Engineer: 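Below is the structure I would like to discuss, written out as structure tokens.
Because the structure is a prediction, the values reported are computed rather than measured.
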Amino acid sequence: MKLNLLMNLLWMVLLMVLVHSEAQNVMELKAELGQDVTLTCSFSHPEIFWYMEINNKPRLGIGRTYASAFPTFSSPGFGSRYSLVKNRLLIRNFSVEDGGLYFCGKKIRGAMIYGEPIRVVPGSDQDVPDCEAEKMSLITYRSAVILSVLLCLTTALLSTCRKKNRLQVDEAAALRKLYNLQ
């Protein structure tokens with residue numbers, strides 16, 4: 001019974017790891033310093049929320065748009081840096097500090113659904129992107145994490161099986177002793 005429970009747990013964890021490790025589509029946009037940059041959300045919805053994640057810090061709300069009202073910003077200073085119209089976000093006078101991941105989202109039944117993230121990086125469209133090395137590094141890291149989790153779970157499973165087998169052998173030896181004594 002315990003073995004079945006452990007196997008089910010192993011498969012659930014494996015499924016979660018594989019689903020989580022699936023490569024997320026991240027669109028990369030190179031932006032010229034000092035220029036305005038427009039990001040377009042993949043959703044067409046009356047209410048769009050915009051977030052940013054810069055330098056791997058938690059997501060920070062930029063603001064949201066409404067179908068028939070003026071947009072609201074999460075911080076008073078954001079109105080001068082950003083402009084929100086329908087499903088678009090305009091970053092004014094792009095600087096190095098503005099580089100990072102941007103997310104749009106919409107609320108459906110109270111739950112936030114995010115669109116595909118957009119990574120905005122300083123640079124020029126004439127630059128040749130070297131994304132393959134970064135992608136391979138990410139794939140290698142995720143593969144190592146998956147293999148580590150699988151190794152730990154397999155070790156735990158084998159350890160449990162060995163203990164169970166030892167207990168069965170000990171029980172059998174104890175029963176033989178008991179019957180030999182009588």
Side-chain angles (χ1 to χ4, degrees), residues 8-33 35-123 125 127 129-150 153:
N8 287 338
L9 179 63
L10 175 67
W11 285 112
M12 286 184 348
V13 170
L14 177 62
L15 181 62
M16 289 186 326
V17 168
L18 290 175
V19 166
H20 180 70
S21 70
E22 185 177 305
Q24 187 179 28
N25 292 330
V26 178
M27 187 179 105
E28 186 169 295
L29 176 67
K30 291 198 174 210
E32 288 286 335
L33 296 176
Q35 299 295 311
D36 292 346
V37 179
T38 301
L39 308 179
T40 303
C41 180
S42 55
F43 299 135
S44 180
H45 193 263
E47 186 177 36
I48 298 288
F49 295 78
W50 280 96
Y51 300 90
M52 64 182 158
E53 185 178 295
I54 296 177
N55 297 327
N56 295 322
K57 293 182 181 169
R59 290 183 185 170
L60 174 66
I62 297 172
R64 67 180 175 181
T65 61
Y66 301 94
S68 60
F70 291 106
T72 59
F73 293 95
S74 301
S75 174
F78 284 173
S80 62
R81 298 262 327 128
Y82 304 101
S83 179
L84 298 169
V85 178
K86 294 184 182 180
N87 66 337
R88 291 187 310 271
L89 167 70
L90 173 76
I91 305 170
R92 292 192 184 105
N93 192 22
F94 181 78
S95 67
V96 173
E97 293 80 30
D98 294 321
L101 283 176
Y102 289 81
F103 301 83
C104 65
K106 63 181 177 179
K107 278 193 180 177
I108 297 187
R109 294 186 196 117
M112 183 62 71
I113 309 296
Y114 294 101
E116 289 186 1
I118 303 168
R119 181 183 313 278
V120 183
V121 295
D125 290 334
D127 293 340
D130 185 21
C131 298
E132 287 307 311
E134 187 176 319
K135 284 180 188 174
M136 287 306 294
S137 173
L138 183 60
I139 290 170
T140 303
Y141 172 76
R142 286 182 176 164
S143 299
V145 169
I146 290 169
L147 288 175
S148 298
V149 169
L150 288 175
L153 291 174

Engineer: Spell out, as yes or no, whether a donor-acceptor pair under 3.5 Å connects the side chain of N87 to the backbone of S44.
Structural biologist: no
Engineer: List for me each residue that meets salt bridge (Lys or Arg N to Asp or Glu O under 4.0 Å) alongside R88, sequence neighbours excluded, and say none if there are none.
Structural biologist: none
Engineer: Restricting to side chain to side chain donor-acceptor pair (under 3.5 Å), what partner residues turn up for T38, sequence neighbours left out?
Structural biologist: none
Engineer: Can you name the residues that form a side chain to side chain contact (heavy atoms under 4.5 Å, CB included) with N93, not counting sequence neighbours?
Structural biologist: none
Engineer: Show the nearest heavy-atom pair for residues T72 and L84, with the distance to one decimal.
Structural biologist: O-CD1, 4.0 Å
Engineer: At their closest point, which heavy atom of S42 faces which heavy atom of G115, and how far apart are they?
Structural biologist: OG-CA, 4.0 Å
Engineer: Which value, rounded to the nearest 0.5 Å, describes the distance between T65 atom OG1 and K86 atom NZ?
Structural biologist: 10.0 Å
Engineer: When rounded to the nearest 0.5 angstrom, what is the spacing between OG in S83 and CG in L89?
Structural biologist: 8.0 Å
Engineer: For residues 94-105, dump all side-chain donor-acceptor pairs below 3.5 Å to protein atoms at least two apart in sequence or in another chain.
Structural biologist:
from : atom 1 : to  : atom 2 : distance (Å)
S95  : OG     : E97 : OE1    : 3.1
S95  : OG     : D98 : OD2    : 3.2
D98  : OD1    : R81 : NH2    : 2.6
D98  : OD2    : R81 : NH2    : 2.2
D98  : OD2    : S95 : N      : 3.0
Y102 : OH     : D98 : O      : 2.6

Engineer: Atom OG1 of T40 and atom CG of L90: how far apart are they, to the nearest 0.5 Å?
Structural biologist: 10.5 Å
Engineer: Which pairs, with at least one residue in residues 44-75 and sequence neighbours excluded, count as a ring-ring contact (aromatic ring centres under 6.0 Å, His included)?
Structural biologist: Y51-Y114
Engineer: For E47, enumerate each residue passing the side chain to side chain donor-acceptor pair (under 3.5 Å) test, keeping only those at least two apart in sequence or located in another chain.
Structural biologist: R64
Engineer: I need the minimum non-hydrogen distance between E28 and V121, along with the two atoms involved.
Structural biologist: OE2-CG2, 3.9 Å
Engineer: If you measure from CD1 on I118 to CE on M27, what distance do you get to the nearest 0.5 Å?
Structural biologist: 4.5 Å
Engineer: Scan residues 53-82 for pairs that pass disulfide bond (SG atoms under 2.5 Å apart), counting only residues two or more places apart or in two chains.
Structural biologist: none
Engineer: Scan for salt bridge (Lys or Arg N to Asp or Glu O under 4.0 Å) pairs involving residues 68-80, sequence neighbours excluded, and state none if there are none.
Structural biologist: none
